[in-house]
Engineer: 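Right, I'll just put the structure down here and ask away after.
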Amino acid sequence: MHIRPFKENDLIEMINLFYDTVHSINQRDYTSIQVNAWANKTELNRRHASWGEEFERNFTYIATLDQQIVGFCDLTSSGLLDRLYIHKDYQRKGIASELLKKVQQTARLNDMKLLHTEASITAVPFFREQGFSFVKSQLVEKNGVQLKNFLMAKEL
């Protein structure tokens, strides 16, 4: 596995990975209605524009294996781990841990003292294992549908 910075031509593969992962992995913790509100095909064009800008502005890393994107994450300048998604066929292989190590290294180099994330129900066990603490549960709205997630933080 190789971790590298984001390139603009990664975007379509990243969006597809996001969609497929949410619809296969997160389906066990969220209803079909919630999953469809979170990741739906009708938003692909909007997501392409907004994510492209965000990934360029943030610290964004791609994990590849044999030239295939198997995971990605991005960190804002304020210490928000905004997205961390691993390909549905490469779960539990250490990819998320390696991406998080890279993010923590970047955060320290940029004098960030605290990382925070809004973890899905599915992702909470991973973040706990990585030393994140529970801050609060919250309901977020995606396309008119409420989804539960958890604000979690880690001091560096």
Side-chain angles (χ1 to χ4, degrees), residues 1-30 34-112 114-127 129-132 140-143 145 147 149-154 156:
M1 181 186 55
H2 176 68
I3 296 178
R4 62 168 173 78
F6 165 77
K7 295 183 285 191
E8 187 177 343
N9 63 349
D10 295 327
L11 193 53
I12 292 172
E13 192 174 349
M14 292 167 70
I15 291 170
N16 289 332
L17 182 155
F18 159 76
Y19 180 88
D20 291 343
T21 299
V22 169
H23 279 267
S24 58
I25 303 301
N26 298 98
Q27 184 76 37
R28 62 182 171 229
D29 296 309
Y30 294 91
Q34 290 172 316
V35 166
N36 286 323
W38 182 357
N40 64 69
K41 291 284 187 184
T42 59
E43 288 190 326
L44 290 183
N45 287 337
R46 182 192 61 78
R47 198 172 299 277
H48 189 276
S50 65
W51 278 19
E53 292 172 8
E54 292 169 14
F55 290 151
E56 288 289 339
R57 182 174 54 245
N58 296 345
F59 302 99
T60 306
Y61 298 105
I62 309 298
T64 60
L65 189 60
D66 298 325
Q67 307 303 315
Q68 177 186 3
I69 295 176
V70 293
F72 69 90
C73 66
D74 67 314
L75 175 70
T76 70
S77 60
S78 67
L80 172 66
L81 177 57
D82 199 0
R83 286 161 283 238
L84 174 59
Y85 289 94
I86 306 303
H87 190 288
K88 65 182 179 67
D89 296 332
Y90 292 89
Q91 299 280 312
R92 300 197 168 278
K93 296 188 183 304
I95 297 166
S97 297
E98 290 303 313
L99 284 167
L100 185 57
K101 282 180 193 173
K102 182 67 173 172
V103 162
Q104 291 177 125
Q105 178 185 37
T106 298
R108 287 183 184 103
L109 288 171
N110 286 275
D111 295 321
M112 295 179 202
L114 182 76
L115 290 182
H116 55 284
T117 193
E118 295 182 359
S120 68
I121 295 168
T122 313
V124 165
F126 167 77
F127 283 109
E129 289 170 10
Q130 299 297 320
F132 280 74
V140 296
E141 187 174 309
K142 301 279 187 188
N143 295 312
V145 176
L147 293 90
N149 73 17
F150 300 88
L151 183 60
M152 300 183 78
K154 179 178 183 178
L156 297 177

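Numbering of residues begins at 1 and proceeds along the displayed sequence.
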Engineer: Check Ser78 against His116 and note the closest heavy-atom contact, atom names and distance.
Structural biologist: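 For Ser78 versus His116, the nearest heavy atoms are O-CE1, 3.4 Å.
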Engineer: In Å and rounded to the nearest 0.5 Å, what is the CD to CZ distance from Glu54 to Arg47?
Structural biologist: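 So the CD of Glu54 and the CZ of Arg47 are separated by 9.5 Å.
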Engineer: Report the distance from atom CG of Leu151 to atom CZ of Phe132, rounding to the nearest 0.5 Å.
Structural biologist: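 Reported to 0.5 Å precision, the distance equals 10.5 Å.
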Engineer: Name the residue from Gln27, Arg28, Lys142 that meets the side-chain contact (heavy atoms from CB on, under 4.5 Å) definition with Val35.
Structural biologist: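 Going through Gln27, Arg28, Lys142 one by one, the side-chain contact (heavy atoms from CB on, under 4.5 Å) with Val35 is satisfied by Gln27 alone.
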Engineer: With the side chain counted from C-beta on, respond yes when Ile86 and Ile25 share a heavy-atom pair under 4.5 Å apart, and no when they do not.
Structural biologist: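 Ile86 does not reach Ile25 side chain to side chain.
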Engineer: For Leu17 and Val70, which heavy atoms make the closest approach, and how far apart are they?
Structural biologist: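 Smallest heavy-atom distance, with atoms named: CD1-C, 3.8 Å.
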Engineer: Would you check if Leu75 and Met112 make a side-chain contact, meaning some heavy-atom pair closer than 4.5 Å?
Structural biologist: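 Touching, per the 4.5 Å side-chain cut-off.
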Engineer: Crowded around Glu8 CD? As in, over 12 foreign heavy atoms under 6.0 Å?
Structural biologist: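 No - once you tally the heavy atoms of other residues, nucleotides and ligands closer than 6.0 Å, there are 12 at most.
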Engineer: How long is the straight-line distance from CD of Gln68 back to CG of Asp89, given to the nearest 0.5 Å?
Structural biologist: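 Atom-to-atom, Asp89:CG and Gln68:CD are 8.0 Å apart.
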Engineer: Would you mind reporting whether Gln34 and Asn26 have side-chain heavy atoms less than 4.5 Å apart?
Structural biologist: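 The answer is no; the side chains never approach within 4.5 Å.
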Engineer: Going by heavy atoms in the side chains, are His48 and Leu11 under 4.5 Å from each other?
Structural biologist: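 His48 vs Leu11: side chains touch.
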Engineer: More than 12 heavy atoms of other residues, nucleotides or ligands under 6.0 Å from CG of Asn9: yes or no?
Structural biologist: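 Enclosed.
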Engineer: Are His23 and Asn36 close enough that some pair of their side-chain heavy atoms sits under 4.5 Å apart?
Structural biologist: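 A side-chain contact under 4.5 Å exists here.
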Engineer: I need the minimum non-hydrogen distance between Cys73 and Leu81, along with the two atoms involved.
Structural biologist: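 In this case the closest contact between Cys73 and Leu81 is CB-CD1, 4.2 Å.
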Engineer: Donor-acceptor pair, Lys102 side chain versus Tyr61 backbone, under 3.5 Å?
Structural biologist: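 Side chain of Lys102 to backbone of Tyr61, a donor-acceptor pair under 3.5 Å: no, none is there.
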Engineer: Measure across Ala39 and Phe18 and return the closest heavy-atom pair with its distance rounded to 0.1 Å.
Structural biologist: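 Nearest pair, atom of Ala39 first, then Phe18: CB-CE2, 3.6 Å.
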Engineer: Are the side chains of Thr76 and Asn58 in touch, meaning some heavy atoms are under 4.5 Å apart?
Structural biologist: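 Yes; the side chains approach each other to less than 4.5 Å.
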Engineer: Would you find a donor on one side and an acceptor on the other, under 3.5 Å apart, between the side chain of Thr117 and the backbone of Met152?
Structural biologist: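 Between the backbone of Met152 and the side chain of Thr117 there is no qualifying donor-acceptor contact (under 3.5 Å).
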Engineer: Find out whether Trp51 and Arg83 are in side-chain contact, i.e. whether some heavy atom of one side chain is under 4.5 Å from a heavy atom of the other.
Structural biologist: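 Trp51 vs Arg83: side chains touch.
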Engineer: Calculate, to the nearest 0.5 Å, the distance between atoms CD and NZ belonging to Gln104 and Lys154 respectively.
Structural biologist: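 Gln104 atom CD to Lys154 atom NZ measures 3.5 Å (nearest 0.5 Å).
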Engineer: Let me know which of Phe127, Phe126, Trp38 forms a side-chain contact (heavy atoms from CB on, under 4.5 Å) with Ser120.
Structural biologist: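 Result for side-chain contact (heavy atoms from CB on, under 4.5 Å) with Ser120: Trp38.
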Engineer: Would a 4.5 Å heavy-atom cut-off, applied to side chains only, mark Tyr30 and Val145 as touching?
Structural biologist: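 Counting from C-beta outward, Tyr30 and Val145 never come under 4.5 Å.
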Engineer: Picking from Ile15, Asn16, Asp10, what satisfies side-chain contact (heavy atoms from CB on, under 4.5 Å) with Ile12?
Structural biologist: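 Exactly one candidate clears the test, Asn16.
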Engineer: Quick check for you: to the nearest 0.5 Å, what is the distance between Leu115 atom CG and Gln130 atom CD?
Structural biologist: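 So the CG of Leu115 and the CD of Gln130 are separated by 11.5 Å.
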Engineer: Between Met1 and Ala63, which heavy-atom pair has the shortest distance, and what is it?
Structural biologist: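 Minimum heavy-atom contact is SD-CB, 4.0 Å.
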Engineer: In Å and rounded to the nearest 0.5 Å, what is the CG to CD1 distance from Leu84 to Ile95?
Structural biologist: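 Result: 10.5 Å between the selected atoms.
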Engineer: If you look at every heavy atom in Asn149 and Ala119, which pair is closest and at what distance?
Structural biologist: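 Taking Asn149 first and Ala119 second, the nearest heavy atoms are CB-O, 3.1 Å.
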Engineer: Start with the C-alpha distance between Asn110 and Phe59, add both sets of side-chain angles, then the distance that settles side chain to side chain contact (heavy atoms under 4.5 Å, CB included), and finish with yes or no.
Structural biologist: CA-CA 11 Å; Asn110 286 275; Phe59 302 99; 3.7 Å; yes
Engineer: Less than 4.0 angstrom from a charged side-chain N to a carboxylate O is my criterion; do Asp82 and Arg57 meet it?
Structural biologist: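 No salt bridge links Asp82 with Arg57.
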Engineer: Evaluate side chain to side chain contact (heavy atoms under 4.5 Å, CB included) for Leu147 paired with Val140, printing each intermediate quantity in order.
Structural biologist: CA-CA 5 Å; Leu147 293 90; Val140 296; 4.2 Å; yes
Engineer: Is there a side chain to side chain contact (heavy atoms under 4.5 Å, CB included) between Thr60 and Met14? Walk through the geometry before answering.
Structural biologist: CA-CA 11 Å; Thr60 306; Met14 292 167 70; 4.2 Å; yes
